[in-house]
Amino acid sequence: MPTPPTTATGPTGVPGPTGETGATGPTGETSPTGPTGAVDRRRWFALVVVLTAAFMDLVDATIVNIAVPSIQRDTGASFNAIQWITAGYALAFAIGLITGGRLGDIHGRRRIFLLGIAGFTVASVLCGVAADPGMLIAARVLQGAMAALMVPQVLAIIHVTFPAHERGKVFGLFGVVIGLGAVCGPLIGALLTQWDILGLQWRPIFLINLPVGVAGVLLGRRFISESRASRALRLDLVGMVLAALGLLMVLYPLTQGREMGWPVWGFVSMAASPLVLAVFVRYEQAKARKDGSPLVELSLFKLRTFVAGAGVQLTFGALSGLFFLVWTLCMQLGLGWSPLRAGLTGVPFSVACAAAGGVSVEQLVPRFGRKVMQAGALIMLLGALLYIVEADRYGTELTSWQLAPALLLMGGGMGLIVAPITDAALSEVPAEHSGSASGVFHTTSQLGMAFGLGLASVAFFGVLDGAAGRDPRAAIVEATVTSLWWVAAGLVVIFLLLFALPGKPRKGGDADRPAATEGEDRTPDADRILSH
């Protein structure tokens, strides 16, 4: 394989479109040498590689839920283990996300991307050959950590590979890939599980990443050019460890407590967690004074809109983690549906979410502002209540067609919120902190998902424990209804939090922010899309 090309910078310090040495163009970026056609082919191949990696990550984050019953039957995993199989990925991804982005800025985005996709592939194989639940959990945590190295580089690579006038089209393609991943993840998982390829049951949902990952590494080495930030922030490993410890002190006893009979040490751990997080805050303040590179820019939390938006993101992540796990278990274990039927039943939800998201950003929010997101919360709440009514009425005889109206409402409502929430929450963030704010915002969503999965111990599995001796299928439907009441309560919280966001979107977007100064490598477009 050829050695990676060197990077030349123009007056702005931003690598040229391909990262190769060349003359400085009028925009301050470097113009590559060599035939234009060859350069165009290189960057479009690079785009395919990074978009495939983004698709692979999104699919793996959603593909597991549909295979949970098969995993449980094959490995004998307890419900607590099932929670960790999904929550472990989200937590590792969240904790490592900001650090992964900084590693790319410091050591080279191409290098860290290739390390991430190679590690993700190895972790996927380990998941696919896992002999027991413990090994599968460990492999999923590793997979999430490798995703935290890989994913932050995707949009940064796009930003330095394509000139400004082409980025709108490229980021549009990125949005399409994300939408496809959300729709295709459960269906791919359902098909691979249903087909039971070579008698491997659920394992192909992970092993399919092997050929994709190998191709990504080989093509990435050939076509992705190296780039670094001209002024990268330093790592904050101590801050990362303190944050991880404080979060685990809540999440571990919340997830494991039910199975252990809610021991006293669990409550002590959860009570002590705020003390550890307080130490984290003090350390971050000291880190900011020392070198200006804290893991989290604490000044962001002085902004009302950012705090409210992060609260919405955290709550929404928790509701999503809880709902999608419970919904999958209900369809397969409570209603007795096949993985394929369960996957197809979710299509109306995914399609409605994607369609509503596109309409909200392009047409509704510019006219009606935050009312669109509040309407989304109310529409999603209506869908959850309709789901509860249908489940109460039909019980274990519930059909896909009876669920479709509720799922359309819930998906459409979700799309009206998740698509525009980032711009609204970051509208008052100073330009110099836009990257940090986007990283924290995306991390908050993943943390919420991990906590939502832990909350299932109380909202869902706790109800099952109290229904011992009854029809297990009916008990699962009942537990699902209880969980949906938790979801409904969370949506009310989201509706109220949205009042703290600006009534109308900020005029001008990034255009009215200060221009990048000499030597500054800033990627506001990438930051905003990453948060979605």
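Note that the numbering runs from 1 along the sequence shown for the chain.
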Apply side-chain contact (heavy atoms from CB on, under 4.5 Å) to the pair Leu126 and Met135, showing each step before the final yes or no.
CA-CA 8 Å; Leu126 292 175; Met135 181 178 175; 4.3 Å; yes
Side chains of [X] and [Y], heavy atoms from C-beta outward: is any pair under 4.5 Å?
| X | Y | value |
| --- | --- | --- |
| Leu242 | Val238 | yes |
| Phe206 | Val129 | no |
| Val487 | Tyr387 | no |
| Val68 | Trp202 | no |
| Phe461 | Ile82 | no |
| Phe79 | Glu259 | no |
| Leu233 | Asp105 | no |
| Val212 | Phe55 | no |

Which residues satisfy the side chain to side chain contact (heavy atoms under 4.5 Å, CB included) test with [X], sequence neighbours excluded?
| X | value |
| --- | --- |
| Tyr252 | Trp84, Gln256, Met260, Trp265 |
| Leu382 | Leu409 |
| Ala118 | Val217 |

Taking all non-hydrogen atoms of both residues into account, name the closest pair between [X] and [Y] and its distance.
| X | Y | result |
| --- | --- | --- |
| Val296 | Glu284 | N-OE1, 2.9 Å |
| Val429 | Leu300 | CG1-CD2, 3.8 Å |
| Pro294 | Lys287 | CA-CG, 3.6 Å |
| Met373 | Ala424 | CE-CB, 3.8 Å |
| Thr345 | Ser400 | OG1-OG, 2.9 Å |
| Thr305 | Leu501 | O-CD2, 3.4 Å |

Would you please test Asp236 and Thr99 for side-chain contact (heavy atoms from CB on, under 4.5 Å) and show each step?
CA-CA 7 Å; Asp236 183 8; Thr99 299; over 6 Å; no
Please answer whether the main-chain N or O of [Y] pairs with a side-chain N or O of [X] as donor and acceptor at a distance below 3.5 Å.
| X | Y | value |
| --- | --- | --- |
| Thr444 | Leu314 | no |
| Thr193 | Ala190 | no |
| Arg140 | Cys127 | no |
| Asn80 | Thr255 | yes |
| Thr75 | Asp132 | no |
| Arg102 | Ser293 | yes |
| Ser360 | Gly357 | yes |
| Gln83 | Leu453 | yes |
| Thr482 | Glu478 | yes |

Enumerate the salt bridge (Lys or Arg N to Asp or Glu O under 4.0 Å) contacts for residues 59-83, please, sequence neighbours excluded, ordered by first and then second residue.
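Matches after skipping sequence neighbours: Asp74-Arg203.
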Worked verdict on Val477 versus Leu398 for side-chain contact (heavy atoms from CB on, under 4.5 Å)
CA-CA 10 Å; Val477 174; Leu398 193 63; over 6 Å; no
Leu254 atom CG: more than 12 heavy-atom contacts under 6.0 Å:
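Yes, enclosed.
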Counting only heavy atoms not in Trp262, do more than 12 sit closer than 6.0 Å to its CH2 atom?
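Check passes, neighbour count above 12.
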Going by the rule ring pair (Phe, Tyr, Trp, His ring centres under 6.0 Å), which residues pair with Phe306 if we only count those two or more places apart in sequence or in a different chain?
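Here the qualifying residues are Phe301.
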Identify all side-chain donor-acceptor contacts of residues 145-157 below 3.5 Å with residues at least two apart in sequence or on another chain.
from: Gln153; atom 1: NE2; to: Gly100; atom 2: O; distance (Å): 2.8
from: Gln153; atom 1: NE2; to: Leu149; atom 2: O; distance (Å): 3.0

At what distance, to the nearest 0.5 angstrom, does [atom1] of [X] lie from [atom2] of [Y]?
| X | Y | atom1 | atom2 | value |
| --- | --- | --- | --- | --- |
| Leu498 | Arg370 | CG | CZ | 8.5 Å |
| Gln374 | Leu496 | CD | CG | 8.5 Å |
| Leu416 | Cys353 | CG | SG | 9.0 Å |
| Leu381 | Leu386 | CG | CG | 11.0 Å |
| Asp57 | Gln143 | CG | CD | 8.5 Å |
| Ile494 | Leu378 | CD1 | CG | 11.0 Å |

Evaluate side-chain hydrogen bond (donor to acceptor under 3.5 Å, both in side chains) for Asn209 paired with Ser124, printing each intermediate quantity in order.
CA-CA 6 Å; Asn209 288 336; Ser124 298; 3.0 Å; yes
Full working for side-chain contact (heavy atoms from CB on, under 4.5 Å) between Gln72 and Leu333:
CA-CA 11 Å; Gln72 194 175 32; Leu333 300 182; 4.0 Å; yes
Parallel, tilted or perpendicular: which one describes the rings of Phe324 and Trp327, with boundaries at 30° and 60°?
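The rings of Phe324 and Trp327 sit tilted, inter-plane angle from 30° to 60°.
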